[in-house]
Enquirer: 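My questions will all concern the structure given below.
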Amino acid sequence: MISCLPGTVLPLDLRVIESVTQRSTFRLSLDPDYLSALAGFHGGVPESPYLTSCGGDVRQIAWFVSYLDEDSTLSGPFEPAFYYMKNDLRVDDRSIPAIVNDEVCPYFGCERIIPFAALITDGSMPLTLRLYTLDSYPADSLCFETSTRPHTVVICDGQRAAEEAVRFDDGDIEDVDYTVFTQPVANSFLDFTKMLRHDP
């Protein structure tokens with residue numbers, strides 16, 4: 001379904017997926033088609049990374065989000081995290097448990113949107129999808145919009161989402177308007193996979 005560059009796909013930790021979908025306080029609602037295909041691209045870099053949004057913007061996927069925690073077995077060499085350099089970035093910066101547990105989360109605890117891939121943003125390879133400081137916004141991302149069945153796929157503007165998250169945390173807004181920082185891409189995960197191409 002989705003092919004990745006050799007050596008980039010990470011081992012799937014089913015314990016973590018079970019935790020975030022069944023046992024944790026947030027209980028993420030993950031698309032069944034996504035879950036069944038996840039082992040083939042978990043944390044990987046796609047061979048066909050380009051897609052076009054409904055608005056006509058051509059975007060490039062940098063890497064897919066992982067489901068790992070500090071107890072997961074990691075393959076390959078240690079990769080220092082963006083902020084806490086003693087930790088591995090595959091756990092600290094690119095994994096759902098870390099992304100969701102931030103005090104101020106640009107995905108609002110994944111109650112409605114769940115990131116599954118980071119996008120090249122402003123021409124740069126993204127290191128993280130987390131909001132550490134307002135001096136370094138998270139990258140743009142592809143997310144599931146879980147208010148629909150099946151879940152649609154949207155682009156989340158990392159800077160705009162972070163700004164809304166800070167306003168929400170400060171009490172400046174009571175309700176989150178997701179249309180401020182998301183843009184439609186596909187009607188389902190399966191439709192999304194058919195959009196990917198090798199060249200821009």
Side-chain angles (χ1 to χ4, degrees), residues 2 4-5 8-10 20 28 34 38 41-68 79-85 87-146 151-169 176 178-186 189 192 195-197 200:
I2 296 176
C4 287
L5 298 177
T8 63
V9 176
L10 301 172
V20 300
L28 301 185
Y34 168 77
L38 183 57
F41 58 87
H42 180 245
V45 176
E47 289 181 341
S48 297
Y50 294 98
L51 66 141
T52 302
S53 73
C54 293
D57 297 322
V58 176
R59 300 301 302 263
Q60 181 182 357
I61 298 172
W63 38 265
F64 287 103
V65 167
S66 63
Y67 291 81
L68 302 168
E79 298 180 44
F82 175 73
Y83 195 77
Y84 301 105
M85 298 184 73
N87 299 340
D88 195 293
L89 70 79
R90 295 168 291 180
V91 172
D92 255 29
D93 297 311
R94 300 181 177 184
S95 186
I96 283 293
I99 293 168
V100 171
N101 280 318
D102 275 339
E103 183 177 340
V104 179
C105 176
Y107 312 100
F108 299 89
C110 294
E111 291 179 6
R112 182 163 158 183
I113 58 171
I114 304 171
F116 70 90
L119 297 171
I120 301 289
T121 305
D122 297 327
S124 299
M125 176 63 72
L127 295 175
T128 186
L129 288 182
R130 295 178 66 185
L131 175 63
Y132 287 113
T133 70
L134 294 181
D135 294 328
S136 61
Y137 293 106
D140 295 349
S141 60
L142 289 170
C143 297
F144 289 115
E145 219 294 12
T146 65
H151 299 338
T152 55
V153 175
V154 298
I155 291 174
C156 175
D157 183 305
Q159 179 173 340
R160 288 183 181 172
E163 289 169 351
E164 285 297 290
V166 170
R167 291 178 64 211
F168 183 79
D169 188 62
V176 180
Y178 288 87
T179 63
V180 170
F181 52 87
T182 62
Q183 179 184 13
V185 172
F189 176 71
F192 157 75
M195 297 172 66
L196 297 178
R197 59 186 186 272

Enquirer: Apply side-chain contact (heavy atoms from CB on, under 4.5 Å) to residues F168 and V176 and explain how you reach the verdict.
Expert: CA-CA 7 Å; F168 183 79; V176 180; 3.9 Å; yes
Enquirer: What residues form a side chain to side chain donor-acceptor pair (under 3.5 Å) with T182, not counting sequence neighbours?
Expert: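 In terms of side chain to side chain donor-acceptor pair (under 3.5 Å), with neighbours along the sequence ignored, T182 is linked to no residue.
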Enquirer: Out of curiosity, L28 CG to T146 OG1, how far, rounded to the nearest 0.5 Å?
Expert: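 The distance works out to 9.0 Å.
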Enquirer: Give the intermediate values and the outcome of side-chain contact (heavy atoms from CB on, under 4.5 Å) for residues F189 and I2.
Expert: CA-CA 11 Å; F189 176 71; I2 296 176; 4.0 Å; yes
Enquirer: May I ask you to test the L119-L142 pair for a side-chain heavy-atom distance under 4.5 Å?
Expert: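 L119 reaches L142 side chain to side chain.
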Enquirer: Taking side-chain hydrogen bond (donor to acceptor under 3.5 Å, both in side chains) as the cut-off, I'd like each qualifying pair that reaches into residues 114-129, sequence neighbours left out, listed once.
Expert: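 Pairs touching residues 114-129 that pass the test: D93-T128.
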Enquirer: Any side-chain heavy atom of C110 within less than 4.5 Å of one from F144?
Expert: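 With C-beta onward as the side chain, the pair stays apart.
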Enquirer: Does the side-chain contact (heavy atoms from CB on, under 4.5 Å) test come out yes or no for Y34 and H151, once each step is laid out?
Expert: CA-CA 10 Å; Y34 168 77; H151 299 338; over 6 Å; no
Enquirer: Before giving the answer on side-chain contact (heavy atoms from CB on, under 4.5 Å), spell out for D169 and F108 the whole-Å C-alpha distance, their side-chain angles and the decisive distance to 0.1 Å.
Expert: CA-CA 10 Å; D169 188 62; F108 299 89; over 6 Å; no
Enquirer: Decide yes or no for W63 and R94: does some side-chain heavy atom of the first lie under 4.5 Å from some side-chain heavy atom of the second?
Expert: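 W63 vs R94: side chains touch.
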Enquirer: When D92 is tested against each of F82, Y84, Y83 for side chain to side chain contact (heavy atoms under 4.5 Å, CB included), which residue passes?
Expert: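 Answer after filtering F82, Y84, Y83: Y84.
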Enquirer: Minimum heavy-atom separation for L129 to S141, with atom names?
Expert: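 Nearest pair, atom of L129 first, then S141: CD2-CB, 3.9 Å.
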Enquirer: Donor-acceptor pair, distance only, cut-off 3.5 Å: does the side chain of S66 make one with the backbone of R90?
Expert: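 Yes.
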Enquirer: Could you measure the distance from the CG atom of D88 to the CD atom of E79? Nearest 0.5 Å is fine.
Expert: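 Those atoms lie 6.0 Å apart.
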Enquirer: Restricting to side-chain contact (heavy atoms from CB on, under 4.5 Å), what partner residues turn up for P80, sequence neighbours left out?
Expert: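 Listed in chain order: F78, M85.
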Enquirer: Determine the minimum heavy-atom distance between S95 and P97, stating which atoms define it.
Expert: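 For S95 and P97, the tightest heavy-atom pair comes out as OG-CD, 3.1 Å.
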Enquirer: Could you pull out all residues at least two apart from R197 that satisfy salt bridge (Lys or Arg N to Asp or Glu O under 4.0 Å)?
Expert: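 Checked R197 against salt bridge (Lys or Arg N to Asp or Glu O under 4.0 Å); zero matches.
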Enquirer: Is atom CZ of R160 surrounded by more than 12 heavy atoms (other residues, nucleotides or ligands) closer than 6.0 Å?
Expert: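 Not buried by this count: 12 neighbours or fewer within 6.0 Å.
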Enquirer: Measure across L10 and G43 and return the closest heavy-atom pair with its distance rounded to 0.1 Å.
Expert: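 The answer is CD1-CA, 4.1 Å.
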Enquirer: How about V166 and L131: do any of their side-chain heavy atoms sit closer than 4.5 Å?
Expert: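 Yes; the side chains approach each other to less than 4.5 Å.
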Enquirer: Please report the shortest heavy-atom distance between P115 and C143, naming the atom on each side.
Expert: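 Nearest pair, atom of P115 first, then C143: CA-SG, 3.6 Å.
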Enquirer: For E111, enumerate each residue passing the side-chain contact (heavy atoms from CB on, under 4.5 Å) test, keeping only those at least two apart in sequence or located in another chain.
Expert: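 Expected list: none.
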Enquirer: If you take all heavy atoms of V104 and P106, which pair is closest and at what distance?
Expert: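 Shortest heavy-atom contact: O-CD, 3.8 Å.
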Enquirer: Does any non-hydrogen side-chain atom of F116 lie less than 4.5 Å from one of F192?
Expert: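 Side chain of F192 against side chain of F116, heavy atoms only: contact under 4.5 Å found.
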Enquirer: Do side-chain atoms of R59 reach the backbone of T52 as a donor and acceptor pair under 3.5 angstrom?
Expert: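 Here the side-chain-to-backbone pair does not exist.
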Enquirer: Could you tell me whether the side chain of L51 reaches within less than 4.5 Å of the side chain of V58, counting heavy atoms only?
Expert: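 The answer is no, as the side chains (C-beta and beyond) never meet within the 4.5 Å cut-off.
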Enquirer: Check whether any side-chain heavy atom of I61 lies under 4.5 Å from a side-chain heavy atom of L196, and answer yes or no.
Expert: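 With C-beta onward as the side chain, the pair touches.
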Enquirer: If every non-hydrogen atom of A62 is compared with every non-hydrogen atom of M125, which pair is closest and at what distance?
Expert: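 That would be CB-SD, 3.4 Å.
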Enquirer: State whether the side chain of S53 and the backbone N or O of V185 hold a donor-acceptor pair below 3.5 Å, judged by distance alone.
Expert: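 Pair absent, no side-chain N/O of S53 close to backbone of V185.
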Enquirer: Side-chain donor-acceptor pair under 3.5 Å between E145 and T152, yes or no?
Expert: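 The criterion, which ignores hydrogens and geometry beyond distance, is not satisfied for T152 and E145.
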Enquirer: Working to the nearest 0.5 angstrom, can you tell me the gap between C156 SG and I113 CD1?
Expert: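 Answer for the SG-CD1 pair, C156 versus I113, is 4.0 Å.
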Enquirer: For L5, what residues pass the side-chain contact (heavy atoms from CB on, under 4.5 Å) criterion, not counting sequence neighbours?
Expert: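 Only T8, V45, E47 meet the side-chain contact (heavy atoms from CB on, under 4.5 Å) criterion with L5.
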Enquirer: Any heavy-atom pair between the side chains of H42 and F64 that's under 4.5 Å?
Expert: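 Result no, sub-4.5 Å side-chain heavy-atom pair not found.
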